Amino acid sequence: MELYFAPNTISIAVAIVMEELELTFEARRIDFSTGEQTSADYARINPKGRVPALVTEDGIVTETGAILEYANAISPSSKLVPDDAFQAAKMREVMYYLASTMHVNHAHKLRGHRWANERTSFEDMRAKVPETMATSCAYVEDNLLQEPYVLGQEMSLADPYLYLICTWLEGDGVDISNYRKLSRFKSLMDERPSVRKLKSAGML
Ligand SMILES: N[C@@H](CCC(=O)N[C@@H](CS)C(=O)NCC(=O)O)C(=O)O
């Protein structure tokens, strides 16, 4: 399998999960500094011009949550989705929230051109990011994050997803130390061998 990624992006949540599940993959870096994600070559992999994309023997999968579920399903252990239907739904509740709300809040910092044309609109959107990300942090802290992992004792697909977004907080103007549980969660994930390996590889 080939994972198309860019450092520090949501694609690294996929890389963490692949490492946790001991799935082998080739990491293919897309260079955002040259706009490679919008190139004709990459459009053949992901016409949306985004990372991650996973090339499998059956075809290409995009969208972080879908790739995470696929990785878990093909892994021998399938250990990152709970067997219990309610717990699995709670995991997906977190993942959908991250995809539809928290990641989108973050994207307003650099990607305002997706939603508006005027420069003043971009500036306004960028200025709002510390507030919207802080609101999301408070929601996660108070409602979603059991401890030590999102669902409690067992790690799930929601953890690398949330962790990766936590790595954006400083740049988004949010002080994670204002959130006791989130701070502990990030420190715990920082020390996981999967995360350390990707940091040494310069992916995170
Ligand atoms: N809904 C997609 C969003 C992916 C996404 O927006 N990725 C960002 C990096 S975090 C990207 O590729 N941005 C490139 C761009 O906007 O040009 C997913 O969850 O996979």
Side-chain angles (χ1 to χ4, degrees), residues 1-21 23 25 27-56 59-73 80-81 91-117 119 121-122 125-126 128-130 132-133 136-137 140 144 150 156-174 186 189 195 198-199 201-204:
M1 290 186 291
E2 294 172 312
L3 173 63
Y4 284 82
F5 79 98
N8 304 309
T9 67
I10 204 64
S11 58
I12 304 307
V14 176
I16 297 171
V17 163
M18 303 281 272
E19 293 293 342
E20 292 284 341
L21 294 170
L23 293 172
F25 64 99
R28 303 265 184 253
R29 183 178 176 153
I30 295 297
D31 187 354
F32 279 13
S33 71
T34 61
E36 192 183 358
Q37 71 272 31
T38 59
S39 66
D41 277 352
Y42 188 62
R44 285 189 277 277
I45 304 291
N46 185 358
K48 290 174 283 191
R50 309 276 185 94
V51 293
L54 187 71
V55 179
T56 80
I60 298 172
V61 187
T62 65
E63 297 299 324
T64 304
I67 300 172
L68 297 185
E69 297 264 11
Y70 174 79
N72 187 70
L80 293 181
V81 176
M91 177 197 81
R92 292 182 181 112
E93 177 182 327
V94 175
M95 291 165 64
Y96 282 116
Y97 178 73
L98 298 177
S100 66
T101 303
M102 206 164 177
H103 189 168
V104 177
N105 290 344
H106 164 81
H108 281 68
K109 185 174 69 171
L110 293 179
R111 308 292 185 197
H113 56 86
R114 289 182 193 161
W115 298 285
N117 291 319
R119 178 159 300 280
S121 306
F122 304 160
M125 281 188 252
R126 183 195 293 266
K128 184 91 175 163
V129 169
T132 57
M133 289 301 271
S136 284
C137 284
V140 171
L144 300 181
V150 168
S156 73
L157 296 179
D159 293 289
Y161 208 151
L162 177 60
Y163 170 71
L164 204 287
I165 290 181
C166 285
T167 68
W168 295 340
L169 292 176
E170 190 179 347
D172 287 348
V174 176
K186 180 168 182 297
M189 291 295 294
V195 169
L198 295 169
K199 282 185 182 169
M203 292 169 74
L204 186 58

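Fair warning: this is a prediction, and the values are worked out from it, not measured in the lab. One-based numbering, in listed order, for ligands and for the atoms of each.
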Quick one: pull up OG in Ser11 and CG in Leu54 and give me the separation to the nearest 0.5 Å.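 Rounded to the nearest 0.5 Å, the OG-CG separation comes out at 11.5 Å.
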
CD of Gln37 to CZ of Arg50: how many Å apart, nearest 0.5 Å?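 Output value for this atom pair is 9.5 Å.
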
Nearest-contact summary for [atom] - protein heavy atom, Å:
{"atom": "atom 8 (C) of ligand 1", "result": "Val51 O, 3.9 Å"}
{"atom": "atom 2 (C) of ligand 1", "result": "Glu63 OE1, 3.2 Å"}
{"atom": "atom 19 (O) of ligand 1", "result": "Thr64 OG1, 3.1 Å"}
{"atom": "atom 16 (O) of ligand 1", "result": "Arg114 NH2, 2.7 Å"}
{"atom": "atom 9 (C) of ligand 1", "result": "Thr9 CB, 3.6 Å"}
{"atom": "atom 6 (O) of ligand 1", "result": "Arg50 NH1, 2.9 Å"}

Classify the ring geometry between Tyr42 and Tyr4 as parallel (under 30°), tilted (30 to 60°) or perpendicular (over 60°).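 Tilted.
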
Is the shortest distance from a Lys or Arg side-chain nitrogen in Glu69 or Arg92 to a carboxylate oxygen in the other one below 4.0 Å?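 A salt bridge is present here (some side-chain N lies under 4.0 Å from a carboxylate O).
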
Give the atom numbers and elements of ligand 1 that come within less than 4.0 Å of a heavy atom of [X].
{"X": "Pro52", "value": "20 (O)"}
{"X": "Gln37", "value": "14 (C), 15 (C), 17 (O)"}
{"X": "His103", "value": "3 (C), 5 (C), 6 (O), 10 (S)"}

Residue pair Glu63, Lys48: steps toward the salt bridge (charged side-chain N to carboxylate O under 4.0 Å, His left out) verdict: CA-CA 10 Å; Glu63 297 299 324; Lys48 290 174 283 191; 2.8 Å; yes

Give me the one residue out of Glu20, Met18, Glu19 that meets side-chain contact (heavy atoms from CB on, under 4.5 Å) with Ile16.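 Per the side-chain contact (heavy atoms from CB on, under 4.5 Å) rule, the option paired with Ile16 is Glu20, out of Glu20, Met18, Glu19.
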
For atom 10 (S) of ligand 1, which candidate among Asn8, Thr62, Ile10 holds the nearest heavy atom?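 The nearest heavy atom belongs to Ile10.
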
Just wondering, more than 12 heavy atoms not from Arg119 lying within 6.0 Å of its CZ?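 No, CZ of Arg119 has 12 or fewer neighbouring heavy atoms, counting only those of other groups under 6.0 Å.
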
